[in-house]
Amino acid sequence: MTLYRLYLTADERQTLEGWQKKYKAHSAKLRDIQILLNSDEQTGRRPALELAAVLGICTRTVERVRRQFCEEGLKMFEPKVRKTRSDKKIDGRVEAHLTVLLCQPPPDDHPRWQLGMLANRLVELQVVEHISTTMVARLLKKTNLSLFRAPRSG
C-alpha cells in the first residue's frame, strides 16, 4: 500500500479552513477537509487509524482522500460532470411505438407479447439503438399498459 504524504501550502490550508466553516456538520466534503487538515505533514500528521476513529469512518476512506488530494489537489472539491441517464433518451415517440406494438398481434403465433419480444422489435424498427426489458417494463407501467391487457389476435 502506498503511503501518501501531504504537504499543504499556506494558501491551501487557508482555503480548506475557510471551507471548513462553510459546510454542514455531516457533509462528506467537510469530512474530506478534516482529513486533509489532519494529514498535513507540516502540522503533525495523524495516523489513518487514529483519524478514522475520531471521525467515525474507516481507514480506507482516509487513505482514499489522501490519495485523491495527492493526485488532484483542490480540484477534488470541484463538481464532477455527471453522465446523462439512459432513460432520458426514451421520449414520447418510443412510448407511442410501444403502444402501437401492443395493439398489434404478437409475432410467430405467441399468445401475447413478452418484454424481450417488445425490446427486440423496438430495436428492429430502429426506434431506439438499444433498450432493456427493464426499461420496457418501466414504460409499460408509466403509460399504464400491460402485457396481459393487450388485445389478442384471433
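Both backbone and side-chain heavy atoms feed into the values below; hydrogens, waters and symmetry mates do not.
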Specify the closest pair of heavy atoms between [X] and [Y], including all atoms of both residues, with the distance to one decimal.
X: V62; Y: L51; result: CG1-CD2, 4.0 Å
X: M117; Y: R112; result: CE-O, 4.1 Å
X: P106; Y: H110; result: CG-O, 3.3 Å

Separation between [atom1] of [X] and [atom2] of [Y], rounded to the nearest 0.5 Å:
X: L115; Y: R138; atom1: CG; atom2: CZ; answer: 12.5 Å
X: L98; Y: C103; atom1: CG; atom2: SG; answer: 9.5 Å
X: T99; Y: L145; atom1: OG1; atom2: CG; answer: 5.0 Å
X: L36; Y: F77; atom1: CG; atom2: CZ; answer: 5.0 Å

_Atom CD of E124: over 12 foreign heavy atoms under 6.0 Å_ =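 Count over threshold, so yes.
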
*asked:* Looking at E129, I want to see if its CD is surrounded by more than 12 non-hydrogen atoms of other residues, nucleotides or ligands under 6.0 Å.
replied: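 Open.
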
Could you check if a side-chain atom of [X] sits within less than 4.5 angstrom of a side-chain atom of [Y], using non-hydrogen atoms only?
X: F69; Y: D32; value: no
X: K22; Y: K29; value: no
X: R121; Y: Q104; value: no
X: I131; Y: L139; value: yes
X: V136; Y: W113; value: no
X: T61; Y: R31; value: yes
X: I35; Y: I57; value: yes
X: M76; Y: V65; value: yes

_Applying side chain to side chain contact (heavy atoms under 4.5 Å, CB included) to E12 and L6, what does each step give before you reach the verdict?_
CA-CA 11 Å; E12 289 172 335; L6 276 69; over 6 Å; no

_Strictly below 4.0 Å, N to O, side chains only: are R60 and E63 in salt-bridge contact?_
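No, R60 and E63 are not salt-bridged.
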
*Between E17 and R13, does at least one N-O distance fall below 4.0 Å, as a salt bridge requires?*
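Yes, charged N to carboxylate O under 4.0 Å.
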
*asked:* I'd like to know whether L30 forms a side chain to side chain contact (heavy atoms under 4.5 Å, CB included) with Q34, so could you lay out the CA-CA distance, the side-chain angles of the two residues, the decisive distance to 0.1 Å, and finally the verdict.
replied: CA-CA 6 Å; L30 178 61; Q34 290 171 337; 4.0 Å; yes

Keeping [X] on the side-chain end and [Y] on the backbone end, is there a donor-acceptor pair under 3.5 Å?
X: E50; Y: P47; result: no
X: R67; Y: Y4; result: no
X: N38; Y: R46; result: no

*Give the C-alpha distance, both sets of side-chain angles, the deciding distance and a yes or no for side chain to side chain contact (heavy atoms under 4.5 Å, CB included) between R5 and R45.*
CA-CA 9 Å; R5 301 245 179 232; R45 174 190 175 103; 3.7 Å; yes

Applying the 4.5 Å side-chain criterion to the ILVMFWY set and letting contacts propagate, would [X] and [Y] be lumped into a single cluster?
X: V100; Y: L125; value: no
X: V123; Y: L118; value: yes
X: L37; Y: L74; value: yes

